[in-house]
Structures are given as C-alpha cells and as structure tokens.
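Below: one structure, written as structure tokens.
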Amino acid sequence: MNSQTSINGDPETAPIAAPRGRPSSMMRSFGTLFGSNNGEAERRPSMQNAGEHGYVEFGMQDPDRSGRTLGTFAGVFSPVALSMFSALVFIRVGFIVGNAGLYVTLLQFVIAYVILLFTVASVCAISTNGAIEGGGVYFMISRTLGLEFGGSIGTLFFLANVVGCAMAISGCVEGIMNNFGPGGYFAGEEGFLPNGPWWSFLFCTVINTSMLLVCLIGASLFAKTSVLILGIVTVCLFATYISFLVEGPKEVQVPDDNHLLPANTTLWYTGLNATTLANNLGESYSEDYTSKGKMVDFATTFGVLFAGVTGIMAGANMSGELKSPSKSIPLGTLSAVAFTFVSYVILSFLMAFTTPHQTMQSNYLFLLYVNFWPPFTAIGILTATFSTGLSNLIGSSRILEALSKDQVFGSLLNFILKGTWKGNPIAAVVSSWVLVECILLIGSLNTIAQINSVLFMLSYLATNLACLGIELTGAPNFRPLFKYFTWHTCLFGLIGTLVMMFVINPIYASSSIILCLLLVIALHLFSPATQSAQWGSISQALMFHQVRKYLLMLDPRKDHVKFWRPQMLLLVSSPRSCCPLVDFVNDMKKSGLYIIGHVRVGSHTDLDDATVEDNKQWLSFVDHMRVKAFAETTLAKSVREGVQHLIRLSGIGAMKPNTIVLGFYDNEAPKDFFQTSTSPYKTDGFNTGDMQNFPIRHDGEEKHIDVTEYVEIISDILRMKKNLCLCRHFHRLDKHFIAKSKHVKYIDVWPINVFDPKTENPFDVVSLFMMQLAVIMLAKWKHLTLRVFLCETTNSNTTAQFDTLDPNLPQMEIFARMKLEQTLKSLRINAQIMEIQEWARDTEFTRHSRILKQFTQSAEVSNEIVSEENLNRSLLYMQRVNQIIRERSDQTALSFIYLAAPPKIDSADFNERSVRYMELLTELTAELPPTILVHGVSTVTSTTL
C-alpha cells in the first residue's frame with residue numbers, strides 16, 4: 001500500500017515502523033501479519049498505479065500521503081469485536097443471565113443481533129456501492145441522505161464517541177480501583193493506589209493521555225494495539241471458559257456496595273450442575289444493588305445487553321485508513337458480529353450451568369472468584385474498557401476531520417484541516433482528547449450513559465434509513481457488491497433500532513430525535529456547505545420516485561371543474577424587464593403549475609445547443625425571484641414556432657398549462673429591474689464583467705417580433721384551447737406598496753366585450769374566468785375589495801344601431817343587476833356591483849359596434865372596406881371607454897378587462913386587421929393601472945357541491 005517517509009528518510013508503512021535496514025521487530029512482523037504492509041512491491045507503487053487503482057481521500061493530491069495502511073483484521077475486525085465486547089463480556093452477562101434466565105437471555109441476544117445484523121447489512125450495502133473516504137458513518141449518511149442529515153447525525157455521533165470514550169476510561173479506572181485500590185480484590189484494606197475523586201480524575205487523565213499518544217502516532221499503532229488487546233481479551237475469555245469447566249464449588253463474597261443482602265449472607269458457585277442449570281432457565285428478576293434497589297425487568301436487561309453490543313461502527317469509523325474499505329468493512333464487521341455472538345452464547349450457557357442466579361444477581365464481579373487465575377478477569381476488564389475508549393477516541397477524531405473537510409460548520413473547524421500531518425489529523429485527535437477531559441470532570445457518568453447509547457443507535461437508525469431510501473428509489477447507480485440485503489432488512493433494522501431506542505429510555509430517544517431535527521434545520525439554513533456540496537441527496541431521488549408514481553396516477557380524463565386551478569405558462573422575452581409580472585403570476589397560480597417559458601431564436605444546425613447553458617441561467621433566475629416555478633427554454637426558427645413548442649410540450653401528464661400569460665405588445669421602453677437602485681429585484685448576479693445575461697431591448701431598438709406575429713401567437717393560443725392573459729403596465733406593480741397603502745382599495749373586473757357588447761357578456765365563459773382570477777388575487781390581497789362593473793347594453797343578439805333611448809331601459813338594468821347578483825352569490829364571490837349608467841345611454845358605444853367587430857374573430861363576411869373615418873371613430877370610441885375605466889381606477893390595484901378574440905388568421909387582410917386590433921387594445925388600456933386582458937375558453941367555476 002502507499003508508503004510514508006520517516007524522519008531519517010527511510011520509507012515506512014507507519015510512523016512507528018522500524019527502518020528497513022534494521023532487523024524486523026516482533027511488532028513489525030505482527031503488524032505485517034494483519035495487514036500493515038503487504039510486501040515491498042506494494043509499499044512503493046508508482047504515482048501512475050496509484051492514480052489508476054488507488055483512492056485519493058477527500059481529493060488529496062498525493063495518494064502516498066493518504067495513510068491507508070490497514071487491512072481487514074487490524075482495521076475492522078479487531079475494533080468491532082472489542083467494541084462489542086467492552087465491559088459487558090466480563091461484568092454484565094452474569095447480571096442479564098441471573099435476572100432474565102437462560103432462555104430469555106438467548107432470546108434477547110438473538111433479537112439484538114438480528115437487528116444489528118440488518119444494520120450491518122445496510123452498512124455493507126452502502127460501503128460497497130462506491131469509494132469510501134474518512135468519516136465512517138458520517139460519510140455514508142451525508143453522501144446518501146444529504147449534508148444536512150449527515151452533518152447532524154455526524155455531529156451527534158461524534159459527541160457519542162467522545163462521551164463513550166470518557167465512559168470507557170471511567171470504567172477502566174473503576175476496575176483498577178476495585179482491584180488495586182483500598183479494599184480491592186488484590187490489594188487488601190490498605191490498597192496499592194490512593195482513592196478519591198481527584199485521584200480518580202488523575203488516573204483517568206493518565207489513561208486518556210496514553211490513548212492520545214497511540215492516536216497521535218497513527219492509525220497503524222492503533223490497529224496493532226487493538227490486535228494485541230483483542231488477543232489478550234480472547235485469552236482471558238478462554239480462560240474464563242476453562243474455569244467454568246474445571247473449577248469446583250466455591251464461596252463468593254458479597255461486595256461491600258451491595259446493601260440489599262444481610263452482611264452474613266453467603267453466595268456460592270456450584271460448578272457444572274444440572275440443578276443449577278434448571279433453576280437458571282426461567283426468569284428471576286430482582287433488585288439491582290447498583291441502582292439503589294431499583295427492580296430489574298425485561299426492558300432493563302435488554303437495554304443493558306443492547307447498549308453493550310452496539311459497536312458495529314468501530315470499523316467503519318476507520319474507513320479513511322483502510323486499504324480497501326468496500327471489502328474490509330463488510331467482511332470484518334460481519335466476522336466480528338459472528339465471533340462475538342458465538343462467544344456470548346457460550347458464556348451465557350456456561351454461566352447458567354455453573355452459577356446460581358442469586359450469585360449472579362448479588363455480585364457482578366463473581367468471575368474474579370470463579371477464574372482459576374483471578375488476574376485473567378481483571379486484565380480482561382481493564383483491556384476491554386481501554387480498547388473501547390481507544391476506539392471511540394480515534395473514531396471521534398476521524399468524524400471531526402470529515403466534518404471539517406466538508407465545511408459543515410464553515411470556517412469554525414478550519415484549524416482541524418491545518419493540524420493534519422502525514423494524513424493523521426493531529427488537531428482532531430487533540431480536540432477530541434480535550435473534550436473527553438472535560439467530560440471526565442463530571443465524575444459520575446451514569447446520568448448520561450443511556451443518552452450516549454441512544455445517540456449511537458440514532459446513527460444506526462440513520463444508516464438503515466439511508467439504505468432503505470436509496471433502495472426504494474431504484475436508482476440505476478445503486479449497485480452494491482454486497483447483495484445480501486433488501487428493503488425489508490433495512491426496514492426491519494430501522495424499526496428495530498427505533499424501538500430499542502425507546503426501550504432504553506423513551507425521554508432520551510425523543511430528545512435525541514428532536515435535537516437531530518433541529519440540527520438538520522440549522523445546517524440547512526446556515527451551513528455554507530449546503531450550497532457547495534456536489535455529492536447529491538437521496539431526497540431528490542425519493543421525490544422523483546414519488547412524483548413519477550403520482551403523476552402516473554393523475555389522470556387528465558378525470559379532471560373536474562370543481563377542482564380546477566390555474567396552471568400558468570408565462571412567456572418571457574427578457575426577465576430583466578418583467579420581474580414584477582413573474583412575481584405576480586406566482587401569486588395568481590393558486591398552488592397550480594407555473595412554468596416560465598422562453599424562446600431562443602436560432603438554428604438547429606448549430607454544433608452546440610445554446611439552451612443547455614440558458615437553462616442554468618433561468619434556474620438561477622427562478623431562485624433569485626423566489627418563485628415556485630419551472631423554467632423551460634426552446635430553440636426555434638421563429639418566436640411563434642417556439643411558443644407552439646412550449647404550449648404543446650411544457651408540463652407532463654395531467655400537469656399541463658391551461659392558461660398562457662404574455663406581456664403586452666407596445667412601444668414602451670423596457671425597464672431593467674436588475675439594475676434599478678430602488679427595485680426589490682436588484683442584483684448583479686447576472687452580470688459577467690461588461691456582459692449582461694438576459695440582454696434587454698433598449699429604446700429605439702427593433703423588436704424580435706412584429707405586431708402581426710404577436711397576434712398570430714394570440715390566435716394560436718386560443719386555437720389550442722388555452723386560456724389567455726395579456727398583461728400591461730406591470731412595471732408599475734408594487735406589491736409592497738399595495739400591501740401598505742390605504743389609498744389602493746380595489747380589484748376591478750370589467751365583464752364587457754367592448755368590441756361587441758352584449759347583455760350576456762357578464763355571464764359567459766370569459767367573464768367567469770376573469771372573476772375566478774380576481775378571486776384568487778383577492779385571497780392574496782385580503783384588504784382589497786372586488787368590484788364588478790355592470791356595463792349594461794340593450795344589444796343582446798344583434799348589432800343594430802340605436803338613435804333613441806329605449807323606454808324599457810331602467811327595467812332591463814334592474815334585471816341585469818339582479819341576475820349578476822345571483823350569479824355572484826351562487827359562485828360564493830363577495831363583490832360590489834358598480835353600474836355604468838352612461839354605457840347604454842351613450843349612443844357612441846353602440847354606433848360603431850359593427851365596425852369594431854371587423855377587427856375580431858366575430859367579423860362578418862363583407863366586401864365593405866372600412867373607411868379611414870370609421871377607423872378614427874373607432875379609436876375615439878376606445879379612448880372614450882378608456883376614459884370611463886380610468887376615471888374609476890384611481891384607487892385600483894389591478895384591473896381585469898374582457899379581451900375579444902383576434903381576427904381570423906385565414907382572413908384576406910389579416911395583417912392590416914392585426915395592426916388595427918392591437919391599436920384598439922392599446923387605446924383601451926392606455927394609462928391604466930396594471931391591467932390583464934383576459935380571454936377564457938373553458939369553464940372554470942362550479943355552483944354544485
């Protein structure tokens with residue numbers, strides 16, 4: 001594997017390895033046996049081979065400095081086995097068997113290990129699906145569930161490792177004092193070591209500092225130390241097995257801290273005895289003398305058991321030092337799980353066969369009396385707790401290093417990156433050591449022991465969740481080499497871990513989950529890495545999976561008018577000039593689909609498709625505007641052709657646009673809202689040097705389309721059966737002013753076709769569509785009032801001209817008002833009805849209706865040529881209508897006006913009629929507040945339940 005260079009220049013595989021010129025020491029041979037180096041050929045690979053086959057941790061430029069020297073046994077099997085043994089193997093197994101009985105104990109071990117096995121399967125699946133870097137569980141979760149979730153779990157897992165290290169050190173010192181302190185098993189009443197809280201803290205500091213030195217030298221020494229300790233623990237464990245088989249009956253003393261039994265009580269060890277086994281088969285729960293007489297139950301014993309065997313991540317934490325993480329983590333972890341399970345089952349059976357349950361309940365250190373050489377038990381307890389603390393210390397430093405490299409907390413952890421030497425995170429190790437010292441000052445750690453176990457299990461839950469999520473997405477790139485898992489195993493592991501969290505302590509479990517969620521939110525809002533992380537998030541894959549499923553279920557044939565909502569396609573030339581309109585349509589969509597479309601005029605024969613880069617800019621624009629919209633761009637030979645593409649192809653399935661929104665075609669110079677100092681949309685993010693993205697048309701420059709093509713686009717939209725909105729004067733729209741102003745009070749609806757006024761206009765599809773849109777905006781601007789203007793005309797079904805006033809006109813106006821009131825009531829629309837008296841009384845409004853119709857889709861077939869005089873009178877008519885609207889719009893925030901359909905494309909003089917049509921619309925909407933010309937083609941309101 002990659003070599004390092006010692007101080008004297010000799011290459012070495014670890015900082016403590018002897019130079020090659022010296023005879024190999026026993027430690028070097030021992031380390032080589034378990035994977036520290038694999039021969040001379042592997043020690044010095046060329047940079048070329050490292051680039052082809054090596055793995056560069058976190059983007060390091062020199063693979064030779066990566067420090068990946070550990071094999072499966074030393075790097076994974078040993079740390080996992082020792083972490084799963086911990087102090088449980090020599091202290092707590094007797095407590096479990098003595099209270100729960102052999103049958104329940106074996107059942108608990110099976111349940112615990114099944115849950116662990118499914119969690120290990122999830123770890124193996126993720127770790128064999130790609131290159132694994134340093135950070136272990138944090139790396140796997142963050143690269144799967146995303147930085148926010150991975151960062152929060154990684155932070156809590158780091159703290160759990162720190163506290164776990166302190167607890168292991170405290171347990172180790174407690175074991176030392178029980179054996180060599182005053183009243184200790186080996187030291188008598190005087191003791192070899194002084195006792196007291198500060199003496200205990202001193203001993204804890206000495207042990208913690210010795211662990212620090214091991215970690216500072218490097219992962220290779222840690223691995224060799226773990227292998228050595230595993231060998232010692234295994235020897236002590238086998239000595240315990242042999243003692244159970246060869247030792248006869250013995251007397252066991254009652255410990256001094258057991259105040260539940262009388263002082264003269266005698267405890268016995270019977271040796272192999274069928275009666276003892278029969279008595280130990282069933283449950284026999286009693287009081288716990290270390291917990292002030294608290295009654296033991298199934299949950300207590302299972303909590304102790306499960307908390308003691310949750311060290312399965314110890315190998316994954318060393319992923320940055322493993323030669324082949326994807327191979328070593330599955331093989332080493334599964335082997336260690338199997339080894340510890342068999343060891344625990346054998347130990348449980350021998351205890352039940354030889355030791356009465358009263359003895360196991362009353363003295364948790366009874367193995368000291370049973371062992372044929374008592375120091376074996378003492379050595380086993382001390383080395384097991386020492387190795388657990390060492391594993392937690394180096395694991396926490398690697399997680400802290402990974403968090404700093406990913407900039408999860410920004411520049412706060414930059415000192416960790418600067419304090420790395422030859423791939424060993426010195427600053428991370430020292431920081432972890434300092435935190436452990438701080439926690440050791442607490443003294444008694446029993447109060448945080450359970451929450452520490454809960455935090456460990458929370459990381460296992462997240463690992464199962466990550467594997468379950470990525471399996472359910474069906475992503476083609478999820479092809480782990482480890483095949484022995486399914487989503488069922490992930491789900492079972494997730495549920496099992498979650499249940500065990502609440503079995504251990506429901507309050508701590510709830511608190512840890514809430515804390516995790518708070519960290520997720522905090523990292524999402526404040527972490528600088530959330531925007532720069534490029535490794536993807538499973539949330540996107542899961543959302544895609546669910547959205548695709550529900551889109552397939554969304555059947556357009558089952559649409560009903562009761563559940564109609566606007567699905568908008570806003571056609572934009574340059575976003576610089578239409579920011580208020582983009583923002584407004586976002587409010588008007590009423591939780592419906594919103595697409596911002598743009599047509600880029602060009603040729604399909606170009607080598608590069610310009611819309612590929614355009615899409616990125618448009619997505620950035622959507623982010624800048626903070627609107628809930630999709631961006632679609634297309635390349636076409638003309639704007640009209642591109643608009644047809646967008647209308648037909650935008651959206652997917654039943655989520656297709658039903659309403660097309662365009663800006664108005666006029667000669668006003670566009671306003672650049674990105675550069676206007678008072679604009680709420682001001683930004684320099686779309687400027688590259690002197691170049692501007694989204695170029696804007698300046699005053700005097702030629703437009704991209706002429707008026708005829710614009711009217712053709714309008715005709716195409718209506719022929720495709722889409723609702724149409726033409727928006728004018730939206731550069732004047734100021735949402736903040738409307739929200740604060742006491743002068744602006746109304747939203748106006750003008751349900752009259754000024755080109756062809758009829759009595760039925762307020763009740764047709766177009767007017768009802770206008771009212772629907774107005775009600776939507778009223779929900780956004782709740783302080784405004786809706787006004788519907790009743791422009792009554794006597795022209796019901798004909799276009800006759802009226803020279804005298806109709807004597808029945810007042811009665812007809814009353815009838816029209818009542819009908820409109822009834823319509824609004826049935827539609828549950830609260831609005832004021834404003835009557836325009838002069839509309840029907842002024843003969844000018846009806847005198848030229850036949851001429852005005854010639855510029856719309858309702859034009860009659862006639863060879864009559866429209867004279868210039870009639871054209872001028874038509875413009876005067878529109879000016880008069882505009883004056884009426886303008887006089888009533890002083891306090892209006894927004895106006896909806898009935899839009900007549902444009903002239904037919906196949907008419908002989910379409911070009912001329914199109915020009916006249918737009919001239920009339922321009923006069924109609926001149927100097928009005930923000931105005932929307934609306935033409936609806938489908939029913940959008942319902943009066944039924």
Side-chain angles (χ1 to χ4, degrees), residues 118-119 121-122 125-126 129-130 140-150 153 461-480 482-498 513 516-517 520-521 524 530 533-569 586 589-597 615 618-619 622-623 627-634 645-659 722:
F118 289 152
T119 303
S122 299
I126 297 176
N129 191 52
M140 289 186 284
I141 294 174
S142 64
R143 267 49 173 185
T144 308
L145 295 182
L147 182 135
E148 296 93 341
F149 205 80
I153 293 293
L461 183 147
T463 305
N464 282 302
L465 179 63
C467 191
L468 174 65
I470 198 170
E471 172 69 8
L472 291 178
T473 61
N477 281 323
F478 185 59
R479 298 188 298 273
F482 184 83
K483 303 296 184 183
Y484 303 102
F485 81 101
T486 65
W487 69 267
H488 303 85
T489 62
C490 303
L491 182 61
F492 188 88
L494 187 152
I495 296 174
T497 308
L498 182 64
I513 293 174
C516 177
L517 295 177
V520 169
I521 296 171
H524 178 74
T530 54
Q534 298 296 322
W535 54 72
S537 171
I538 195 175
S539 60
Q540 295 293 312
L542 286 173
M543 283 189 287
F544 176 88
H545 182 267
Q546 291 301 108
V547 168
R548 182 192 65 86
K549 180 173 74 174
Y550 287 117
L551 274 175
L552 291 172
M553 296 170 62
L554 194 61
D555 191 344
R557 295 169 295 183
K558 297 180 181 179
D559 282 347
H560 194 279
V561 66
K562 287 191 297 186
F563 307 109
W564 180 92
R565 67 180 70 242
Q567 305 200 101
M568 302 291 192
L569 169 60
N586 184 61
K589 71 180 187 302
K590 187 63 176 177
S591 303
L593 178 68
Y594 182 19
I595 300 173
I596 300 175
N615 279 328
W618 281 94
L619 290 174
V622 170
D623 292 338
V627 295
K628 298 177 181 179
F630 301 97
E632 290 283 357
T633 59
T634 187
H645 294 169
L646 290 173
I647 295 174
R648 289 194 178 98
L649 301 178
S650 294
I652 183 172
M655 295 189 66
K656 305 283 284 186
N658 56 28
T659 304
K722 304 294 183 183

Smallest separation among heavy atoms of [X] and [Y], with atom names:
X	Y	result
S650	P657	O-CD, 3.4 Å
Y594	K628	CB-O, 3.6 Å
N464	S122	OD1-OG, 2.8 Å
F482	A125	CD2-N, 4.1 Å
I595	E632	CG2-CG, 3.6 Å
W618	A631	CB-CB, 3.7 Å

Could you tell me if the side chain of [Y] sits less than 4.5 Å from the side chain of [X], heavy atoms only?
X	Y	value
Q567	T659	no
H545	L472	no
C467	F485	yes
L465	F149	yes

Does atom CZ of F630 have more than 12 heavy-atom neighbours, drawn from other residues, nucleotides or ligands, at distances under 6.0 Å?
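Atom CZ in F630 is not packed in, count stays at 12 or less.
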Give a yes or no on this: more than 12 heavy atoms of other residues, nucleotides or ligands lie within 6.0 Å of atom NZ of K656.
yes
Checking side chain to side chain contact (heavy atoms under 4.5 Å, CB included) against L468, which of T489, T473, L494 comes through?
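Passing option: L494.
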Using the side chain to side chain contact (heavy atoms under 4.5 Å, CB included) definition, which of the options T119, T497, I513 pairs with L461?
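Running side chain to side chain contact (heavy atoms under 4.5 Å, CB included) over T119, T497, I513 with L461 returns exactly one hit, T497.
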When rounded to the nearest 0.5 angstrom, what is the spacing between [atom1] in [X] and [atom2] in [Y]?
X	Y	atom1	atom2	result
K722	L569	NZ	CG	9.0 Å
L649	T634	CG	OG1	7.5 Å
M568	K589	CE	NZ	9.5 Å
L593	I652	CG	CD1	11.0 Å

Worked check of side chain to side chain contact (heavy atoms under 4.5 Å, CB included) between L491 and F118:
CA-CA 9 Å; L491 182 61; F118 289 152; over 6 Å; no
Could you walk me through whether L554 and M655 pass the side chain to side chain contact (heavy atoms under 4.5 Å, CB included) check?
CA-CA 8 Å; L554 194 61; M655 295 189 66; 3.9 Å; yes
Quick check: does any side chain N or O of N477 sit under 3.5 Å from a backbone N or O of N129, one acting as donor and the other as acceptor?
no
